[in-house]
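As a basis for the values below, the full set of heavy atoms in this structure was taken, side chains included, without hydrogen atoms, waters or symmetry mates. Counting starts at 1 for both ligands and their atoms, in listed order.
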Amino acid sequence: MAAKILIIEDEIAVREMLTFTLKNNGFETFEAGNSEEALNIVSKNNINLILLDWMLPGKAGIDIARSLRASIETKELPIIMLTAKSEESDKIMGLESGADDYITKPFSPKELMARIKALLRRSAPQTDMEVVIFGSINLNPMTHKVKDGDKNIILGPTEFNLLHFFMTHPERVYSRAQLLDFVWGTNVYVEERTVDVHILRLRKSLESETSKYIQTVRGAGYRLSK
Ligand code: CA
């Protein structure tokens, strides 16, 4: 079955170009020009991925990402932010608002497809369905539920996969490049800085004591350890 992709973009010409490209690549597409239309489509359709324009009137792009992440039904919905800005701080801000990836305009259809396929791949259900426990963290890959002690932890898809990877490979140091390979899947377009942003988000989601398990190993990478 074709993956369903929602395009949220206020410029009709850009939206039509994206729809054309996605349809040509076998995706089913939905279009929204603003936040209200977008949330309405998300509530009625089983959307698999969202392409979200950063430059919507107001700060709508970031607001949509934040409200999707805050809702229990949509917290795991993969989001790629489309941005005309190439400044690093803007990219990081986009990721911090809840997007899983970003792509800078102008981009080629080929690059867009690579990004979409990589994100769909890493948000697909894990094949390893066993419950994993590390310290006070309990992660259930079947239900996608994470508990830290008694507290339910809400994670986006990338943080969930990152935590799952660490919990199934504890006490070992992984470089950013290795984490990109293992967690993101081989994707030449993702920068290593992206790993740092998701590590930061993962730490923020966990209880303060537990967040210390996610350790930075200077000059080497990251490790899960008590
Ligand atoms: Ca726009």
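Every residue two or more places apart in sequence or in another chain was checked for a side-chain hydrogen bond (donor to acceptor under 3.5 Å, both in side chains) with Ser211, and none qualifies. Under the salt bridge (charged side-chain N to carboxylate O under 4.0 Å, His left out) criterion, Arg176 pairs with Asp196, not counting sequence neighbours.
Each protein N/O/S atom under 3.0 Å from the Ca ion (ligand 1) was counted, for a total of 5.
Taking a cutoff of 4.0 Å between a charged side-chain nitrogen and a carboxylate oxygen, Arg15 and Glu9 do not qualify as a salt bridge. Note on Glu111 versus Arg115: salt bridge recorded, some NZ/NE/NH1/NH2 to OD/OE distance being below 4.0 Å. Ion pairing of Lys105 with Asp53 is present here, as a side-chain N (NZ or NE/NH1/NH2) and a carboxylate O approach within less than 4.0 Å.
Apart from Val217 itself, the hydrophobic cluster it occupies contains Val173, where clustering links Ile, Leu, Val, Met, Phe, Trp and Tyr at side-chain heavy-atom distances under 4.5 Å.
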